[in-house]
2 protein chains.
Amino acid sequence: MRKSIAIDIDYTVADTLSRYIDWYHRDFGILISKDKVRGGKLYDIVDKEHRGDVKNFPDHPDFFADLPVFPGAIKTIKQLAEDYDIFFATAAMEHPNSFSAKYDWLKTHFPFVSNMNYIFCGFKGILNCDYLIDDTPRHLDAFKGKGLLFEAQHNVNCEGYERVSSWQEVPAKLGR
Amino acid sequence: MRKSIAIDIDYTVADTLSRYIDWYHRDFGILISKDKVRGGKLYDIVDKEHRGDVKNFPDHPDFFADLPVFPGAIKTIKQLAEDYDIFFATAAMEHPNSFSAKYDWLKTHFPFVSNMNYIFCGFKGILNCDYLIDDTPRHLDAFKGKGLLFEAQHNVNCEGYERVSSWQEVPAKLGR
């Protein structure tokens, strides 16, 4: 029987941090480097009075519209799809305005994964898949299968997880 | 540990057939009784040239906006939520325009279930829950836990499933 892999979107296949940085620069005129965000998320390090606005960036559908894909993600996932059932599982419930934009984004970049395999949820403990690749430790904690932490600036200090820092590393971690 | 129940929306907590019948009457001037639909869905029995339009009804967000809730659903699910983790799992991927409307509908009628427990998916085999209450046999077939078929006109001839025909019957089927 084919095994299944659930894959998160933000910070895992999509370079969400770059979008936060761009929009913060656009709206507040301050350019922050990715290194500065190390250990947290952008809204953790900006001025307190900007925090609410930054947290709400993903409520705007344009946030997801042309979000860049991480290098190697499409090629690797296409290869994995030959042997595994691929699902995209995104915690979309925090930003319900983003549903359609996320759906369109997946359709555009991963046309080889059926939309029947998209999962918009809040709690990833409900996923019955063999693997979960995700940047968020709490989702891996809740998940019942084997988790791989996709490295992101905000999780560099989280210990106790098997990590991948690029899509090129993923197949080997799955024993391929 | 608390057990979990995944609950479908259309034809299970929401009276979707009534909406199809109302809109068919509104758009084509033909009133069809629920009994006439027995054994299929509305688009199976309407004139061939109307079929496409009827199938696309759920693409309009208003389809879900004020969809009626089945009698007893709110009361029963509220009671079950005291002892079980309740999830709403809906095959929303067939009608991506419906995401926001479905989200709002759940928020309105089931405010006691966290939006973190909503799941918009295509394939219910990915659900890691103990029970699934659903009107669609193929979703129960794919599900790994115990399924309960919620009776609907379109599934009356489907054999081999444990059935409930109203929300009042559900607690006893769960051994309560």
Side-chain angles (χ1 to χ4, degrees), chain A residues 1-9 59-61 64 84-108 110 113-132 136 138-147, chain B residues 1-9 59-61 64 84-108 110 113-132 136 138-147:
Chain A
M1 205 173 115
R2 282 162 70 91
K3 291 196 169 185
S4 55
I5 307 173
I7 300 170
D8 177 45
I9 301 181
D59 282 340
H60 197 293
F64 295 98
Y84 296 89
D85 291 331
I86 304 292
F87 293 87
F88 283 106
T90 174
M93 295 305 153
E94 287 158 27
H95 300 287
N97 290 339
S98 70
F99 292 154
S100 297
K102 283 193 162 184
Y103 180 92
D104 292 341
W105 190 88
L106 287 173
K107 278 274 198 196
T108 301
F110 298 91
V113 175
S114 163
N115 62 348
M116 291 295 114
N117 288 14
Y118 301 171
I119 306 149
F120 293 179
C121 61
F123 173 68
K124 295 193 185 174
I126 54 89
L127 296 174
N128 182 24
C129 291
D130 295 294
Y131 299 95
L132 171 63
T136 303
R138 75 181 154 84
H139 290 318
L140 296 177
D141 294 343
F143 181 62
K144 307 293 191 298
K146 179 178 172 166
Chain B
M1 206 173 116
R2 282 162 69 92
K3 290 197 168 183
S4 55
I5 307 173
I7 300 170
D8 176 46
I9 301 182
D59 283 339
H60 197 292
F64 295 97
Y84 296 88
D85 290 331
I86 304 292
F87 293 87
F88 283 106
T90 172
M93 295 304 153
E94 287 157 27
H95 301 287
N97 290 339
S98 69
F99 292 154
S100 297
K102 283 194 163 183
Y103 180 92
D104 291 340
W105 190 89
L106 286 173
K107 278 274 199 196
T108 302
F110 299 91
V113 174
S114 164
N115 61 348
M116 292 295 114
N117 288 15
Y118 301 171
I119 306 149
F120 293 179
C121 60
F123 172 67
K124 296 193 184 173
I126 54 90
L127 296 174
N128 183 24
C129 291
D130 296 293
Y131 300 94
L132 171 64
T136 303
R138 75 181 153 86
H139 290 318
L140 297 176
D141 294 343
F143 181 63
K144 307 292 192 298
K146 180 180 171 166

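Reckoned from all heavy atoms, side chains included, excluding hydrogens, waters and symmetry mates. Throughout, protein chains are lettered first and strands after them, A, B, ... in sequence-line order, and every chain is numbered starting at 1.
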Q: Name the member of Asn115(B), Asp85(B), Asn117(B) that forms the most heavy-atom pairs with chain A at distances under 4.5 Å.
A: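 Looking at each option in turn, the highest pair count goes to Asn115(B).
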Q: Please determine, among Gly122(A), Gly125(A), Ser114(A), the option with the most heavy-atom pairs under 4.5 Å with chain B.
A: Gly122(A)
**Q.** Residues in residues 87-97 of chain A near chain B [non-hydrogen atoms, under 4.5 Å]
**A.**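 At a heavy-atom separation under 4.5 Å, chain B is reached by Phe87(A), Met93(A), Glu94(A), Pro96(A).
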(Q) What residues of residues 98-106 of chain A make heavy-atom contacts with chain B at a cutoff under 4.5 angstrom? (A)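 Residues of residues 98-106 of chain A touching chain B at under 4.5 Å: Phe99(A), Ser100(A), Tyr103(A).
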Q) Taking atom NZ of Lys3(A) as the centre, does the number of heavy atoms from other residues, nucleotides or ligands within less than 6.0 Å exceed 12? A) no
Q) Mind checking what makes side-chain contact (heavy atoms from CB on, under 4.5 Å) contact with Phe143(B), not counting sequence neighbours? A)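 Here the qualifying residues are Leu127(B), Cys129(B), Leu132(B).
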Q.
Which residues pass the side-chain hydrogen bond (donor to acceptor under 3.5 Å, both in side chains) test with Thr136(A), not counting sequence neighbours?
A. none
Q: Would you give the length of the straight line joining atom CD1 of Ile119(A) to atom CD1 of Ile119(B), rounded to the nearest 0.5 angstrom?
A: 9.0 Å
